[in-house]
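I have placed the structure first, in the form of structure tokens, so that the comments after it can refer back to it.
Lettering of chains follows the sequences in order, A, B, ..., and the numbering in each one begins at 1. Just so we're clear, the structure is a prediction, and the values are computed from it rather than from any experiment.
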Amino acid sequence: MTQSVVVQVGQCGNQVGCRFWDLALREHADVNKEGIYDEALSSFFRNVDTRSGGDGPDIYKGKICSLKARALLIDMEEGVVNEILQGPLRDVFDSKQLITDVSGSGNNWAVGHKLYGSQYQENIVEKLRKAAEHCDCLQCFFIIHSMGGGTGSGLGTFILKLLEDEFPEVYRFVTSVYPSGEDDVITSPYNSVLAMKELNEHADCVLPIENESLFDIVNKIHQMANSGKLGSTVKRNSLVTSSAGSAKTAQEKPFDAMNNILANLLLNLTSSARFEGSLNMDLNEISMNLVPFPRLHYLVSSLTPLYTLADVNVPSRRLDQMFSDAFSRDHQLIQADPKHSIYLACALLVRGNVQVSDLRRNIERLKPSLHFVSWNQEGWKTGLCSVPPVGHSHSLLALANNTCVKPTFIELKDRFMKLYKKKAHLHHYLHVDGMEQSCFSEALSSLSDLIEEYNELDATKGQSIYEFACMSVWATTSYSGV
Amino acid sequence: MSIVTVQLGQCGNQIGHEVFNTICSDVRDTHGLCSKKENESYRDACKERFFCEEQSEVPVARAVLIDMEPKVITQTLSMAARSGYWKYDDGSHFCQKQGSGNNWANGYSVHGPRHKEAIMDLVQKEAEKCDRLGGFFTIMSMAGGTGSGLGAFVTQCLRDAFPTSFLLNHVIWPYSTGEVIVQNYNSVLTLSHLYKSADALLVHENDVVHKICAQLMNIKQISFRDINQVIAHQLGSVFQPAYTAEGGLCYSRNPLGDLMETLVPHPEFKMLGLRNIPQMPENSLAYSTFSWPGLIKHLRQMLIANAKMEEGIDWQVQPPRLGSSIPSSHSINKPLHFNTSIANLVILRGKDMHSIDLGSFRDPSLYTSWLNPKDAFHSWKTLRAFNKYEKSASLVSNSQFLLKPLDNIVGKAWNMFASKAYIHQYTKFSIEEEDFLDSFTALEQVISSYTSL
């Protein structure tokens with residue numbers, strides 16, 4: 001079995017991470033009733049003997065002693081991390097997994113990336129190496145961060161590059177929360193575009209998330225819970241997100257519901273690598289199947305059914321509805337409509353009591369309404385994991401490499417240009433050592449190139465498969481004649 | 001003679017397990033609708049082929065389990081042990097921690113060379129347990145990374161280490177609607193490499209088996225287990241003991257050798273398809289009776305019309321009338337959809353099989369002109385009923401069965417290759433564009449050979 005290490009950077013990264021560890025613990029507690037440290041648990045947790053005090057030796061077999069998250073918590077202010085350390089999850093982390101500063105990055109990518117980057121580089125590398133040493137076969141790093149601020153965006157992408165240099169063999173999955181149009185951070189377009197260049201160049205896969213989409217989904221769940229028209233009831237003791245028995249603090253924080261969605265995304269993404277199933281899907285299969293060209297590694301995700309994300313017990317509708325929903329606009333984690341754009345590839349990761357015939361039936365049913373790029377008409381990757389999410393019978397995570405991410409990038413670029421044309425706030429960045437004007441122009445052209453790549457693909461829409469077939473016949477004859 | 005089964009990747013290991021399960025439950029079936037003596041010699045022949053029994057209470061499968069990831073092997077080993085009727089040898093599996101990630105190049109160029117010694121040691125050990133080694137039966141899928149990439153590599157190693165043994169590769173053809181996105185690349189690379197080292201490829205298409213589960217077995221929610229059980233039943237119906245000669249006195253001892261000799265007369269043609277009749281849910285069996293002439297008539301039409309199962313056979317298709325056309329225009333005069341054979345093998349299991357007339361399979365118009373029809377058709381028989389079916393007939397065919405699926409896969413892979421999509425994932429593990437081109441060329445050659453039959 002392989003292991004993964006989570007690197008949570010900045011306020012957003014740490015808040016999402018906190019929800020992730022809480023839900024991961026509960027998922028494993030539900031599956032693993034015996035309290036034995038098993039292979040599935042080992043993928044995200046170490047089992048440590050803490051009786052001798054402090055960080056004892058790892059225990060590989062037998063009873064669970066003390067579980068430690070395979071995580072690195074990084075923030076350039078202390079607030080959020082301290083809160084985690086005083087909260088119920090404190091035992092899952094120890095001081096050797098933390099890096100904090102007091103002064104913050106001031107919503108400035110350059111401060112996070114250049115200043116703190118060079119200042120903390122050694123410390124970060126040392127802690128990453130330590131985390132890697134505890135793994136028996138390290139497969140994947142998950143970076144959780146936001147794009148709009150200073151620390152997550154700047155230092156987060158600095159770490160991404162560090163990971164590539166230090167651990168070139170290990171996959172780098174990045175969960176990036178994109179700021180919404182009405183973001184209160186004025187410089188967020190700068191930070192996001194500067195960070196985009198790093199994601200373009202150094203990530204294996206990026207899961208872009210927009211706050212607005214999360215907000216809409218949370219609202220939708222509330223509506224479902226309160227409408228009563230579906231006969232829905234609020235499950236008081238749902239294992240997924242209720243506070244009963246949970247490690248959450250008594251007061252629910254406003255972003256918790258939204259962050260839960262991201263935590264569920266990561267749980268479902270890794271479930272097939274952790275638990276058994278009739279069609280396993282390991283993490284290294286994700287980039288292999290979904291990334292046809294190195295830079296086009298942005299995957300639009302959707303989670304269904306929604307009630308698996310909340311305390312809502314909606315009577316389960318037809319299984320097929322779950323598949324339909326996964327392709328609808330309002331289930332996407334970014335503001336996008338995959339049905340009206342071009343699919344380069346699509347993965348369906350199913351959990352629970354779902355069989356291969358259900359998959360085939362739904363793929364055949366949905367296929368006519370989706371546009372796949374001409375050279376990948378059967379661009380489906382499927383996984384079946386037999387362990388469902390806690391308290392539910394089944395769930396689906398759809399990952400789409402789809403040109404519908406383009407509008408998000410275009411909007412980002414537009415907002416960047418509005419500031420950049422006036423050179424607004426530039427001096428805050430250029431004051432920082434190592435930051436040049438060229439950083440901006442290079443980041444901008446990197447983003448423009450990416451948009452252009454998506455444009456080219458969009459231009460093939462409507463082009464008939466027949467044309468391609470002719471081309472290929474011509475090409476085939478040209479080489480078989482050799 | 002014994003057969004060593006090599007199970008590779010998730011698919012190979014799951015199917016291998018079902019095959020041993022099926023074979024084992026078939027021989028445990030005491031009546032078998034034949035004499036006690038017959039039943040005993042059938043059982044002994046089966047055990048010699050697939051199991052060894054030294055120092056163990058239950059038969060131990062002659063198998064090597066290989067995967068790059070531990071979950072499936074752990075599960076397979078424990079399911080077999082729990083059955084209580086047979087098991088795998090404790091020491092005959094090899095797994096690593098991290099899978100091949102659906103990347104053929106990773107399986108073939110990285111995992112293969114890295115673990116060659118350990119894998120071949122296991123195979124060697126298993127081979128030495130056989131009094132006489134008949135050959136290797138390798139089970140793998142073409143779509144993923146381990147079964148396909150490592151499978152192609154291991155097959156090459158087997159060829160080098162056992163130059164005189166028979167190598168039969170059982171290959172699972174992926175769903176055409178896609179289960180792995182790079183499945184067409186992986187398939188093209190796998191098939192072209194296997195074509196170089198294996199003696200024959202026996203193919204099962206997931207689409208076809210899925211249809212059988214839905215339409216013949218009446219399964220509502222089809223799982224991979226259901227699919228694998230149908231495949232295992234079909235494989236068992238070929239590899240369980242049978243008399244290869246008319247009026248033979250003992251069961252054939254060299255099933256792989258006999259199979260190759262019968263079906264692969266030319267190294268350019270080694271794609272074998274498998275059809276089986278009847279196939280139905282177990283609880284319907286008691287209410288059904290079959291006549292041999294009916295089964296034979298259906299099976300023959302399935303052959304010439306290239307029907308994948310007994311339902312929906314096109315009865316309009318008839319063999320071309322010989323002599324009515326000059327050879328050069330053969331393909332033009334050929335009736336539409338007619339499936340031309342190189343060689344066929346029919347296996348009959350059940351009572352009264354001696355009375356059957358198989359003359360319809362000896363019809364020269366079924367076969368390509370360059371092989372004597374007498375050499376092109378063979379039959380194996382036994383009175384012993386198979387797997388609870390009172391009568392059953394299987395057909396292994398070296399014909400144009402797989403021409404269309406092969407052409408489809410090569411076409412789709414070429415389409416993707418023309419756009420250069422995913423190539424970087426392969427060059428990362430040193431499979432270059434030229435390697436792809438070589439594979440395409442090799443398979444185009446196979447396609448054109450089968451087309452010109």
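The candidate from A:T382, A:I363, A:V291 with the greatest count of non-hydrogen atom pairs under 4.5 Å with chain B is A:V291. Heavy-atom pairs under 4.5 Å with chain A peak, among B:C95, B:A214, B:A421, B:S448, at B:A421. Most heavy-atom pairs under 4.5 Å with chain B: of the set A:M288, A:M1, A:E285, this distinction falls to A:M288. With respect to chain A, the highest number of heavy-atom pairs below 4.5 Å among B:V182, B:N103, B:N184 belongs to B:N103.
Summarising the geometry, atom CE belonging to B:M416 is positioned 10.0 Å from atom CD belonging to A:Q377; distances are rounded to the nearest 0.5 Å. Atom CE of A:M281 sits about 12.5 Å away from atom CD of B:Q10, to the nearest 0.5 Å. Interatomic distance, B:Q96 CD to A:C137 SG, rounded to the nearest 0.5 Å: 8.5 Å. Note that CD of B:Q221 is 4.0 Å distant from CG of A:D358, once rounded to the nearest 0.5 Å. A distance of 11.0 Å separates OG in A:S357 from NZ in B:K220, rounded to the nearest 0.5 Å. Distance CH2/A:W375 to CH2/B:W414: 16.0 Å, rounded to 0.5 Å.
Residues of residues 173-181 of chain B that come within less than 4.5 angstrom of chain A, heavy atom to heavy atom, are B:Y175, B:S176, B:T177, B:G178, B:E179, B:V180, B:I181 in numerical order. For a heavy-atom cut-off of 4.5 Å, chain A lies close to no residue in residues 104-115 of chain B.
Within 6.0 Å of NZ in B:K308 there are more than 12 heavy atoms belonging to other residues, nucleotides or ligands.
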Contacts table for residues 36-44 of chain A: side-chain donor-acceptor under 3.5 angstrom, sequence neighbours left out:
| residue | atom | partner | partner atom | Å |
| --- | --- | --- | --- | --- |
| A:Y37 | OH | A:F45 | O | 2.6 |
| A:D38 | OD1 | A:L41 | N | 2.9 |
| A:D38 | OD2 | A:N32 | ND2 | 3.4 |
| A:S42 | OG | A:E39 | O | 2.7 |
| A:S43 | OG | A:A40 | O | 2.8 |

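The shortest non-hydrogen separation linking B:Y422 to A:A345 is OH-CB, 3.5 Å. Minimum interatomic distance between B:K71 and A:A273 (heavy atoms only, all atoms of both residues): NZ-O, 3.1 Å.
With a 4.5 Å cut-off on non-hydrogen atoms, A:R361 does not touch chain B at all. Looking at B:Y426, only its side chain comes within 4.5 Å of chain A, counting heavy atoms on both sides. The contact between A:L279 and chain B is made by backbone and side chain atoms together, counting heavy-atom distances below 4.5 Å. Contacts between B:S100 and chain A at a heavy-atom distance below 4.5 Å involve the backbone alone (N, CA, C, O). Only the side chain of A:L384 comes within less than 4.5 Å of a heavy atom in chain B; its backbone stays farther off. Only the side chain of B:I227 comes within less than 4.5 Å of a heavy atom in chain A; its backbone stays farther off. With a 4.5 angstrom heavy-atom cutoff, A:N353 touches chain B via backbone and side-chain atoms both. When heavy atoms are compared at a cutoff of 4.5 Å, B:Q75 approaches chain A solely by way of its side chain, counted from C-beta outward.
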With side chain to side chain contact (heavy atoms under 4.5 Å, CB included) as the criterion, how do A:K381 and B:N102 come out once you've worked through the C-alpha distance, each side chain's angles and the decisive distance to 0.1 Å? CA-CA 10 Å; A:K381 164 71 187 168; B:N102 292 159; 2.7 Å; yes
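Of the N and O atoms on the side chains of A:D282 and B:Q98, not one donor lies less than 3.5 Å from an acceptor on the other residue. Between the side chains of B:K412 and A:N376, not a single donor N or O lies within less than 3.5 Å of an accepting N or O.
Partners of B:S223 under the side chain to side chain contact (heavy atoms under 4.5 Å, CB included) rule, at least two apart in sequence or in another chain, are A:Q355, B:R225, B:D226.
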